[in-house]
Amino acid sequence: MLTLIIFAVPTTDVFRKWFRFIMLTIFVVRFIIDLSAYKNNND
């Protein structure tokens with residue numbers, strides 16, 4: 001959903017672009033870490 005918002009509502013403000021990119025990166029990295037921890041705990 002966050003990705004759709006980023007692409008559907010582009011912004012011209014440089015700070016907002018970088019802020020959105022950093023937020024998206026943090027969410028993706030956190031998801032991958034949580035997913036790998038979940039897989040390791042359920043094996």
Can you classify the ring geometry of Phe19 versus Phe15 as parallel (below 30°), tilted (30 to 60°) or perpendicular (above 60°)?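 Parallel.
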
Taking the basic N atoms (NZ, or NE/NH1/NH2) and the acidic carboxylate oxygens, is any pair closer than 4.0 Å for Arg30 and Asp34? yes

Under 4.5 Å between side-chain heavy atoms, counting indirect links through other Ile/Leu/Val/Met/Phe/Trp/Tyr residues: same cluster for Phe27 and Ile33 or not?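 Different clusters.
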
CG/Leu35 to CD1/Ile32 distance, rounded to the nearest 0.5 angstrom? 8.0 Å

